[in-house]
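Letters go in sequence order (proteins before strands), and every chain restarts at 1.
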Protein chains: 2
Amino acid sequence: MAADPRTPDALTVEVAELIGTVVARYHEEYELAAAEHALTGAQARVLALLAREPTPMRQLARQLKCEPSNMTGMVDRLEARGLVERRPDPADRRVKVAAATDEGEAVAARLRRELKFAGAPLQGLTPAERRLLRDLLRRMLSEPEEGGEEPRPPRP
Amino acid sequence: MAADPRTPDALTVEVAELIGTVVARYHEEYELAAAEHALTGAQARVLALLAREPTPMRQLARQLKCEPSNMTGMVDRLEARGLVERRPDPADRRVKVAAATDEGEAVAARLRRELKFAGAPLQGLTPAERRLLRDLLRRMLSEPEEGGEEPRPPRP
DNA sequence: TATTGTTATACTCTATAACTATA
DNA sequence: TATAGTTATAGAGTATAACAATA
């Protein structure tokens, strides 16, 4: 590799590529687990959210970072399969609260268990290594990327 | 949280969730970088592959884990924008080799640089931590998941 | 006969804009 | 008027099946 002159250091590039591989693997596993229940990845994500907590359509769209109009069709399809239902909100008759049915909860629970990604690859690490990985990922994710464009000089 | 009785230990769950967050963040960044060039994520992935190496349609489909029939449309759209072209294979007149044009190469190079995910979050780690992260990810990914279902007892 | 790429078809996901029923 | 959900529409990605050209 090593194609671009403005590329960051080799170590950073390698870690970035490894993360890319992890991302690809993760998606593969997720889609596969979903497909075993005849669900698409997007449907599985909706179901997972609703299994945690019944949620108004609009809020659901915000959480999934998509337009509210899309939720109509997605919830329609899940509702047609009996995994989700729409409930009225007594406080505001405009809102419809999407909620997982009992069957939906069961499928979501099975999905969580079948997400072997949490199992297989991580089992290759010792508990101490897993703790280490957790701490590194936490730090990586908590950086509030305040800078924006500036590469920001490394702290001493 | 902590809903399912058959869930693995809390540490594994937490790491898995962190990885889920990393995956979500990564995708967000990727789609955003692609959108800045009026490309979809899938188009950006195709272009990235072709910028590395001209590739026959069918092989491209294998690498992207999708059906060969899809590649027709995807390459069509990229070709319509002048980022990609189809070349004949002198050795086998059935195959068409998709290749990035000069402009395609340029866009791919810019895309690589703009993938801030490689920059921002990783800059929060020291080089030593990055090395550690690299080694952990490598080990995670190299485990050939031979076992399948068996949790496999931890090595001493 | 088998393989490569394509076409035809259908479904899902996505975004935009317009509509409805509430508030 | 503003908001929640929906409908209508369009484009992109995906899979399946059938097809033409070539091997």
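Other cluster members for A/V84: A/L39, A/V46, A/L47, A/L49, A/L50, A/M57, A/L60, A/L64, A/M71, A/M74, A/V75, A/L78, A/L83, A/V107, A/L111, joined by side-chain heavy-atom distances under 4.5 Å among Ile, Leu, Val, Met, Phe, Trp and Tyr. Other residues sharing the hydrophobic cluster of A/V97, ordered by chain and number and joined by side-chain separations under 4.5 Å: A/V95. Through direct or relayed side-chain contacts under 4.5 Å between Ile, Leu, Val, Met, Phe, Trp and Tyr, B/L32 connects to no other residue.
The distance from atom CG of B/D135 to atom CD of A/E14, rounded to the nearest 0.5 Å, is 8.5 Å.
Following rounding to the nearest Å, B/L39 (CG) and D/dG11 (C1') show an atom-to-atom distance of 15 Å. At whole-Å resolution of the value, CE in B/M71 and P in D/dA15 are 11 Å apart. Taking atom CD of A/Q59 as the reference point, atom C1' of D/dG5 lies 14 Å away to the nearest angstrom. Atom-to-atom, CG of B/D89 to P of C/dG5 comes out at 9 Å; the value is rounded to the nearest Å. Rounded to an integer number of Å, the gap from A/L60 CG to D/dA4 C1' is 13 Å. Here C/dC11 presents its P atom at 19 Å from CD of A/E31, a figure rounded to the nearest Å. Note: CD (A/E67) to C1' (D/dT7) measures 15 Å, nearest angstrom. Computed from coordinates, the A/L64 CG to C/dA15 P distance equals 11 Å when rounded to whole Å.
A donor-acceptor pair under 3.5 Å is formed between the side chain of A/Q43 and the backbone N or O of A/T40.
Here A/R110 does not pair with A/E36 in a salt bridge; the nearest charged N to carboxylate O distance is not below 4.0 Å. The pair B/E103-B/R81 does not count as a salt bridge, with every side-chain nitrogen at least 4.0 angstrom from each carboxylate oxygen.
Neither OP1 nor OP2 of C/dT14 sits under 4.0 Å from any side-chain N or O of A/K65. Put simply, A/R86 has a side-chain N or O that comes within less than 4.0 Å of OP1 or OP2 on D/dT6. Using a 4.0 Å cut-off, no side-chain N or O of B/R58 falls inside it from OP1 or OP2 of C/dA2.
Sorted by residue number, the members of residues 72-84 of chain A with any non-hydrogen atom under 4.0 Å from DNA chain C read A/M74, A/R77.
Taking B/E85 as the reference, B/R87 meet the salt bridge (Lys or Arg N to Asp or Glu O under 4.0 Å) condition, with sequence neighbours excluded.
Of the two residues contacting DNA chain C, namely A/Q43 and B/N70, the nearest-nucleotide position lying further toward the 5' end is that of B/N70. Taking the nucleotide of DNA chain D with the nearest heavy atom to each of B/G41 and A/M57, the more 5' of the two is matched to A/M57.
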Heavy-atom contacts, protein to nucleotides 17-23 of chain C, under 4.0 Å, summarised as B (base), S (sugar-phosphate only) or - (none) per nt, yield B---BBS
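Looking only at side-chain heavy atoms (C-beta outward), A/V22 and B/V22 stay at 4.5 Å or farther from each other.
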